[in-house]
Amino acid sequence: MKVLALISGGKDSCYNSMLCCHHGHEIIALGNLFPALDGTDELDSYMYQTVGHQVVAAYAACASLPLFRRRLIGSTKQQALVYDTTEGDEVEDLLALLSYARQQLPQLEAVSCGAIASDYQRLRVEQVAAMGLKPQQHLGKTLAAMQPFLHSLRRLYECNVCGEGGEYESLVLDCPMFKHARIVLDKWDIVLQSPDSFAPVGLLHPVAFHLESKRQHGANHTQPNGRSAASTESADVNQMSDANNSLLQLTESVARTQKLTAVPQDAAHLAAHSVTSQAAVDELLASSTVIEVPADMVLSPNSLSDNHHADGQLRAADWQTHVQLQQGVDYVRAVCCPQQLIVSPPSGEATAEALHAALLAVSQELAALSLKLDVVLFVHLYLADMSHFAAANGAYRRHFPAVSPAARACVEVQLLPGCPVMLEVLLPSTVEGAQGRRVLHVQSISRWAPCCIGPYSQATSLGSLLHVAGQIGLDPATMQLLSAGLRHQLIRCLKSCQDVAVACQSDLSNGMLACTIYLAQQPTGLETGQLISSCMSTFLSSGIDDDFANMSPPAQAAANADCAIHSPDGSNHCAAAALAATDESESVDQSDDSSMTADADIVDDYLKPPVMHRHWQPLVLAVGVPALPKGALVEVQPMACTVDALTAQQAADTSSDEEVDSQQGGNHLSSWASRLVNRVGSIEGDSAGRWSSLTSQGVYCCCQVELVVCKDSLDTVMGHVVHMLSSLLAGASLTAQNVVSLTAYAQVSSTIPSSQVRSSFHAVWKAQHTHELPFMVVPVWSVVPMTGTGADLQTQADSKTHICFRLVAHRYST
């Protein structure tokens, strides 16, 4: 993609720009926001670093890229985590900058920013001051020199090594993006803003700087890394890929690319260009482009979007929509299969209209319960034709909020003629219950986990029950589908699911309760089933190795070999920076802190999975489908338990004593998860099959019943299924009012259509529970046609149908 890189002058934004190039994106412009008054350097902003903004103006010359700059007119007015348009807020200045840049560069496709772990900056979190940093001693040092000391501060005071808590700010003077010149600070002053002896606040005030050309000035010209320009610049680009990979492993400590600083103040006199190649620098400055965005440039958010989905009209009147809805103790579940009144050839427009009609009908039913689609937890979206995925997304986003929508799984299934879509919706049963809804919704591309390819969230949870959206085998940083085959795509899916789970206070390999694995374009049968079983067994026992999971697609491999921004002569500065890091010899005086040593392999708490020890076997079900989004071979949709709020707080209070926790075998499972029990059994006779369950008394029940059905024995088999499901529910002290989902995955068969399966099950349930009040109401359920299903992806002759029923029940308000 063609990217505008937002830069503040700090390390994170520049490092993220390097990652963009590493993953094959092209930076075509820079963007920066700076104080309205030239004499002001530090702003009380939760969003922007204005450190060294006078130096940032030189980035255009160094990188040979146009730099769009906007003076910050607004202030921090809207401090909620989710931002709503607010006149006079500093976020509106960012909108103005991006809108203007988009006008000037219509080819602009994306924006990059360097927020590492800040939900406030990403959706925009109050910064806190650091303890232990001493302005007189530490300002002006490189991060490579400061790295051991920063690790010691983390160990002593739980400071963030990367400065994400506002412990320090940085100023980049050289990086691979600077193709032509680097910035050299000639003189600076240290200004103490708060001389507090416990946590002083100091600013580095630049007095003078100059640009130093990177152009070759002869074979003996020495680079900052100590190597000659000739030896560095003649290196073959392909031989630099290992160095590039090493650079990514250096986290933020690349030598000579970042300088610790605070906020400079008056910089009107900065411009000392005493450099050996003055002519080269003058040429760079003359050719650089710095564009100041007009102060009156204020546009609406729509000016940045190509998705004008609200402009077109979708007809709902042509569709018959019958909504099955049930309000239980804690959940509402609705199922809708819109049917075309006058059957016409399938099309994307028809799919969009059908989905629009279905969601309108569901919304009307929910309104009667004082509920909205805004609080939905999970949506199963079944399409008759996956080529209509984009059209379906266009209709879908009309009904769900742009921020924190429901999690979702979308697959293609064989629906009845005239029915292009089937919809299953799950949400809390009351407005009060919805207060416990938690959502993970990351829309930006990162190396963490894939962003959602539709208007849905990565995960939602309620009452320590986590619903993870269906994940396909996308490389997170490029959003390209791995093409290495089923096994590699499955591993990537599991890794993405695990990363999402960790962000939601769960460890998927130890907290998984159930998992549906959708397989497309795969031969059904024992061999595929064994591959799935092998991968799942490995994941559940030992997790996924990061190096193996983070494979880039073949198309990206070429980009990886040429990932850095190159000089016109072909030299690779990304590799040079990595090599320079190994030569950093500058040290920090730690005479007063001799007891502070660097900690190795430190992982921030938010990246650590909670301590969970699984004692149960998750219920895993593989089902075959005609197609998946983006042509994926596999989609994984897990359900897991999370650490509940009380246990999470207790875990946080004791996380610093990791050694003791490990020795004592700590376990942060919620109380109901610690009581989970597995049961398995077989069904004998004409309807031979098997069943399995995972239950926690009074709170949770997940059960699967797999059977082979003949047309003549359908009612008998349904009798076995209803009896088994009811018995397992009752055994867990739960009823039909606690059902979260009930789905029959049925092999497509002309002998036993899904409508017949539905009517038989419904009649048998009512007959068996005529006088049993807790079970008299038939749970809302759906029949999903599959090409194969079960633990071994079994298929049967046309005279028989293999069906797998899965029921999940959960009591949240215990």
Side-chain angles (χ1 to χ4, degrees), residues 320-337 339 361-362 365-366 368-369 380 415-416 419 422-426 429 681 683 685-689 691 693 695 701-747 749 751-785 789 801-811:
Q320 181 181 20
T321 54
H322 172 63
V323 179
Q324 303 175 67
L325 184 142
Q326 181 179 18
Q327 184 178 27
V329 176
D330 294 301
Y331 296 92
V332 170
R333 185 162 184 262
V335 177
C336 185
C337 300
Q339 194 73 31
V362 171
E365 295 288 337
L366 294 179
L369 303 176
H380 281 96
L415 298 172
L416 295 173
C419 178
M422 182 169 73
L423 187 72
E424 298 179 10
V425 177
L426 176 72
S429 62
I683 300 173
D686 294 337
S687 56
W691 62 269
S693 69
T695 60
C701 175
C702 179
C703 52
Q704 291 176 185
V705 181
E706 299 177 42
L707 294 162
V708 177
V709 183
C710 297
K711 184 175 182 179
D712 296 338
S713 63
L714 180 59
D715 289 343
T716 302
V717 171
M718 290 300 105
H720 287 299
V721 170
V722 170
H723 174 73
M724 183 60 63
L725 296 178
S726 302
S727 298
L728 291 170
L729 268 178
S733 300
L734 298 171
T735 73
Q737 294 293 314
N738 302 118
V739 171
V740 173
S741 65
L742 175 55
T743 306
Y745 298 97
Q747 177 191 342
S749 169
T751 306
I752 310 176
S754 59
S755 59
Q756 191 171 350
V757 174
R758 178 185 302 279
S759 60
S760 177
F761 180 90
H762 195 276
V764 170
W765 184 286
K766 294 191 72 173
Q768 285 195 13
H769 301 298
T770 303
H771 304 294
E772 298 179 53
L773 186 60
F775 293 94
M776 284 180 65
V777 177
V778 182
V780 169
W781 68 295
S782 56
V783 180
V784 180
T789 186
T801 296
H802 185 254
I803 302 179
C804 181
F805 283 82
R806 175 187 275 171
L807 180 147
V808 177
H810 179 233
R811 180 180 292 166

Under the 3.5 angstrom rule, does the side chain of Ser726 hit a backbone N or O of Val722 as a donor-acceptor pair? yes

Check whether Ser760 reaches the backbone of Val757 with its side chain - one donor and one acceptor, N or O, closer than 3.5 Å. no

Closest heavy-atom contact between Ile803 and Met718? CD1-CE, 4.5 Å

Starting from the C-alpha separation in whole Å, work towards a yes-or-no answer on side-chain contact (heavy atoms from CB on, under 4.5 Å) for Leu742 and Phe761. CA-CA 12 Å; Leu742 175 55; Phe761 180 90; 3.9 Å; yes

Quick one: pull up CD in Gln737 and CD in Gln326 and give me the separation to the nearest 0.5 Å. 5.5 Å

Do the side chains of Asn738 and Leu729 get nearer than 4.5 Å, heavy atoms only? no

With rounding to the nearest 0.5 angstrom, report the SG to CG distance, Cys336 to Leu423. 6.5 Å

To the nearest 0.5 Å, tell me how far Leu728 CG sits from Leu807 CG. 8.5 Å

State, to 0.1 Å, how close Val709 and Val717 come at their nearest heavy-atom pair, and which atoms those are. CG2-CG1, 3.6 Å

Looking only at heavy atoms, which two atoms of Val332 and Ser429 are closest? And how far apart? CG2-CA, 3.6 Å

Working to the nearest 0.5 angstrom, can you tell me the gap between Trp781 CH2 and Phe805 CZ? 5.0 Å

Interatomic distance, Cys804 atom SG to Glu706 atom CD [nearest 0.5 angstrom]: 4.0 Å

Let me confirm one number: the CG-SG distance from Leu734 to Cys701, rounded to the nearest 0.5 Å. 6.5 Å

Arg811 side chain to Ser733 main-chain N or O, any donor-acceptor pair under 3.5 Å? yes

Step by step, work out the side-chain contact (heavy atoms from CB on, under 4.5 Å) result for Ser741 and Arg806. CA-CA 8 Å; Ser741 65; Arg806 175 187 275 171; 5.6 Å; no

What pair of heavy atoms forms the shortest contact from Ile752 to Cys710, and how long is it? CD1-C, 3.7 Å

What's the shortest heavy-atom distance between Gly719 and Val764, and which atoms? CA-CG1, 3.6 Å

List in chain and number order the residues that pass side-chain contact (heavy atoms from CB on, under 4.5 Å) with Val784, two or more places apart in sequence or in another chain; answer none if no residue qualifies. Tyr382, Val413, Met422, Glu424, Thr743, Tyr745, Ser782, Met786

For Cys419 against Gln339, the heavy-atom pair lying closest together: CB-OE1, 3.6 Å

